Amino acid sequence: MLKTHSCGELTAEEADKDVVLTGWVDSLRVQGKIAFLILRDREGITQCFLNPNLTNEFKDLSKESVVLVAGKVKNRPENQIRRELTTGEIELGVDKIEILSRAETPLPIEIEEETTTHLDKRLDFRFLDVRRNRIKSIFKVRAKIYQYSVEFFTQEGFINIQTPKLTQSGVESGAEEFKLDYFGKPASLSQSPQVYKQMMVASGLEKVFEIGPVFRAEKSHTTRHLTEFTGVDFEMGFVKDEHDVMDVVEKYIKFVLEKVKRECKEELKMLDIKLKVPKEIPRLEMSEVKKLLAEKGKEIPADDDLDPEGEKMISKIVEEKYGSELLFVINFPWSVRPFYHMRPKGIVTGTKSFDLIYRGVELSTGAQREHRLEMLDKQAKEKGINLKEMTFYRDIFRFGCPPHGGAGLGLDRITEQLLGLKNIREAILLPRDVERLTP
Ligand code: ATP
Ligand code: MG
């Protein structure tokens with residue numbers, strides 16, 4: 001390695017040691033013959049002062065240039081210690097600087113912790129935007145959420161699978177498909193691993209999960225939709241009903257919240273986020289939700305889905321009533337659910353399905369699936385879908401398929417909501433949406 005230490009690492013214990021640091025020039029302040037250079041890397045910042053014979057040569061060194069500095073670690077006089085610097089108790093007396101890469105000026109975006117640069121512009125230069133500690137924190141937490149997700153499902157006995165993203169036309173409606181040409185055959189990018197995760201329950205793997213890309217040609221401009229996102233999907237066999245599935249979603253989201261709260265303290269502090277982990281997540285019937293909304297003056301017909309405003313309102317109501325930022329809405333009307341959601345016995349207008357809502361935004365949809373082929377054929381027909389054309393989906397239910405259920409969540413949504421970000425694009429390094437295909 002070029003360096004002996006990282007910037008955040010040096011303490012008074014290294015006093016008088018010769019060290020080499022590398023990083024970005026956070027700032028350079030010249031006062032007569034003396035120059036102070038704040039060097040920054042992923043771990044923190046170190047204040048350096050240049051040996052006076054270097055000052056002239058480097059006084060014009062541009063911000064964000066990448067440099068290597070070598071010198072001796074010095075204890076700083078107590079009265080000079082700036083507590084806001086992570087390495088407040090030491091500084092580096094530099095007697096050699098090597099410019100590894102000089103940054104052009106001016107920079108295309110501001111790299112200040114508090115910036116007024118518009119999100120669009122920041123995303124155009126995302127790699128510069130990520131140089132801000134606040135933004136780095138978001139991606140450190142996101143990486144943890146990913147890691148905890150793998151940990152959770154693995155320890156719960158789910159098998160980690162990867163399913164194809166190049167697919168024949170989807171089982172769900174074709175409206176959100178990205179179509180492509182597959183050696184002359186029509187194909188599309190996977191909108192959901194739904195079919196495959198059900199298939200793998202039937203395969204005898206019984207409990208499976210996948211964390212992978214999901215593609216949807218979402219035409220709308222919202223703060224919660226991307227055209228490419230990371231899905232967290234699971235499916236499990238031998239469920240009694242949809243509550244078994246909800247139990248897993250509930251345990252999972254509490255596990256993630258608990259772990260982030262405990263292990264990402266520094267990042268949460270930087271982002272000014274206080275996490276609340278509910279003891280229990282309330283499960284409200286859709287009819288009850290609509291009643292509560294009606295009391296607040298929002299009428300939603302029995303056959304309709306909740307709209308974003310309804311989701312926000314019910315979240316608030318539940319938080320006041322139950323003290324939980326999360327809630328399940330259960331028993332969605334059949335009219336707004338896909339054909340493969342199971343219906344409660346003898347009730348053709350309902351489904352054994354649910355949504356999880358967190359701080360006013362949907363995090364997950366799940367359900368017990370219909371595994372009885374006769375019923376599935378009937379339900380597909382009602383929705384105007386010809387299952388006979390989807391032989392490989394139909395086959396799943398022909399040769400012994402356990403009663404099963406599952407759910408899908410979005411990693412980007414979880415990150416967005418958990419960190420109180422105002423836009424899902426803040427929660428993904430390089431977002432894809434209607435307008436954006438670069439960088
Ligand atoms: P919404 O109603 O918010 O558009 P959906 O009901 O169409 O979502 P599902 O098919 O239920 O989405 O997908 C499961 C989960 O995947 C959602 O609950 C959400 O967390 C996430 N998700 C869905 N669509 C997107 C998207 N376009 N961008 C980011 N995350 C998404
Ligand atoms: Mg949904």
Side-chain angles (χ1 to χ4, degrees), residues 153 156-177 179 182-183 185-210 212 214-215 231-246 248-249 331-332 334-354 365-408:
F153 286 107
E156 290 292 315
F158 288 80
I159 293 171
N160 192 347
I161 59 168
Q162 290 73 43
T163 64
K165 302 307 153 204
L166 285 168
T167 62
Q168 229 180 30
S169 285
V171 169
E172 304 202 42
S173 90
E176 293 174 351
E177 265 177 313
K179 296 208 173 9
Y182 194 76
F183 306 115
K185 284 194 205 119
S188 63
L189 293 174
S190 170
Q191 296 166 271
S192 154
Q194 186 61 39
V195 173
Y196 299 116
K197 58 182 187 166
Q198 290 189 261
M199 187 185 279
M200 290 312 138
V201 169
S203 79
L205 289 179
E206 285 190 33
K207 291 166 80 174
V208 295
F209 78 104
E210 172 164 19
V214 175
F215 303 92
V232 179
D233 274 273
F234 73 90
E235 200 73 26
M236 57 203 274
F238 303 107
V239 299
K240 182 170 60 5
D241 58 27
E242 70 276 26
H243 287 276
D244 284 345
V245 183
M246 264 183 277
V248 174
V249 175
N331 203 348
F332 273 68
W334 161 249
S335 51
V336 301
R337 289 309 217 201
F339 76 92
Y340 55 81
H341 281 195
M342 187 181 265
R343 299 195 280 206
K345 202 168 178 195
I347 307 175
V348 292
T349 53
T351 53
K352 299 176 78 165
S353 73
F354 61 87
T365 290
Q368 177 168 5
R369 322 300 187 186
E370 184 49 75
H371 65 286
R372 299 160 299 180
L373 191 54
E374 254 166 70
M375 287 302 286
L376 199 62
D377 277 336
K378 189 161 165 272
Q379 293 191 180
K381 205 166 157 207
E382 272 183 50
K383 293 269 183 191
I385 293 167
N386 187 358
L387 258 201
K388 302 265 152 58
E389 278 176 8
M390 294 194 286
T391 46
F392 79 94
Y393 184 65
R394 222 176 152 269
D395 285 348
I396 296 172
F397 309 94
R398 291 177 59 209
F399 309 104
C401 178
H404 64 282

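In this text, all values refer to a predicted model and were calculated from it rather than measured experimentally. One is the number of the first residue; the rest follow in order along the sequence.
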Q: Donor-acceptor pair, distance only, cut-off 3.5 Å: does the side chain of K207 make one with the backbone of E156?
A: yes
Q: Heavy-atom distance under 4.5 Å between the side chains of F332 and H341, does that happen here?
A: no
Q: Indicate the atoms forming the closest heavy-atom contact of E210 with Q162, along with that distance.
A: OE2-CA, 3.6 Å
Q: Might you confirm whether atom NZ of K165 has over 12 heavy atoms from other residues, nucleotides or ligands at distances under 6.0 Å?
A: yes
Q: Would the distance check show the side chain of H243 and the main-chain N or O of D241 forming a donor-acceptor pair, the cut-off being under 3.5 Å?
A: no
Q: Which distance, rounded to the nearest 0.5 Å, do you find between the CD of Q368 and the CE of M342?
A: 4.0 Å
Q: Look at E374 together with R372 and state whether they make a salt bridge at an N to O cut-off of under 4.0 Å.
A: no
Q: Quick one: does any side-chain atom of T351 pair with a main-chain N or O of W334 as donor and acceptor, under 3.5 Å?
A: no
Q: Check whether any side-chain heavy atom of F354 lies under 4.5 Å from a side-chain heavy atom of V245, and answer yes or no.
A: yes
Q: Quickly, which of H371, K197, Q198 forms a side chain to side chain donor-acceptor pair (under 3.5 Å) with H404? Name it, please.
A: Q198
Q: Could you measure the distance from the CD atom of E370 to the SG atom of C401? Nearest 0.5 Å is fine.
A: 10.0 Å
Q: How about K383: does its NZ atom have over 12 heavy atoms from other parts shown lying under 6.0 Å from it?
A: yes
Q: Determine whether F238 and V201 make a side-chain contact, defined as any pair of heavy atoms from C-beta on separated by less than 4.5 Å.
A: no
Q: Any idea which heavy atoms bring L189 and T167 closest together, and the distance?
A: C-OG1, 4.2 Å
Q: Mind running side chain to side chain contact (heavy atoms under 4.5 Å, CB included) on R337 and T365 for me, showing each step along the way?
A: CA-CA 10 Å; R337 289 309 217 201; T365 290; 3.6 Å; yes
Q: Is the backbone N or O of D377 less than 3.5 Å from a side-chain atom of K388, with the two atoms forming a donor-acceptor pair by type?
A: no
Q: Compare every heavy atom of P164 with every heavy atom of S190, then report the nearest pair and how far apart it is.
A: CB-O, 3.8 Å
Q: Rounded to the nearest 0.5 Å, how far apart are CZ of R398 and CG of D395?
A: 5.0 Å
Q: Determine, stepwise, if the pair E235 / R369 fulfils side chain to side chain contact (heavy atoms under 4.5 Å, CB included).
A: CA-CA 10 Å; E235 200 73 26; R369 322 300 187 186; 2.8 Å; yes
Q: Apply side chain to side chain contact (heavy atoms under 4.5 Å, CB included) to Y196 and V208, showing your working.
A: CA-CA 10 Å; Y196 299 116; V208 295; over 6 Å; no
Q: For the side chain of E242 and the backbone of S353, is there at least one donor-acceptor N/O pair under 3.5 Å apart?
A: no
Q: Rounded to the nearest 0.5 Å, what's the gap from CD on Q379 to CG on L387? Could you check?
A: 10.0 Å
Q: Quick one: sort the F209 and F158 rings into parallel, tilted or perpendicular, breaks at 30° and 60°.
A: perpendicular
Q: Show the nearest heavy-atom pair for residues P402 and G237, with the distance to one decimal.
A: CB-CA, 4.4 Å
Q: Fit a plane to each ring of Y393 and Y340, take the angle between them on a 0 to 90° scale, and name the class: parallel (under 30°), tilted (30 to 60°) or perpendicular (over 60°).
A: perpendicular
Q: When you compare the side chain of T163 with that of V195, does any pair of heavy atoms fall below 4.5 Å?
A: no
Q: Quick one: are R394 and L373 in side-chain contact, heavy atoms under 4.5 Å?
A: yes
Q: Does a side-chain N-to-carboxylate-O contact under 4.0 Å join E382 and R343?
A: yes
Q: For N331 versus G350, what's the shortest heavy-atom pair and its separation?
A: OD1-CA, 3.6 Å
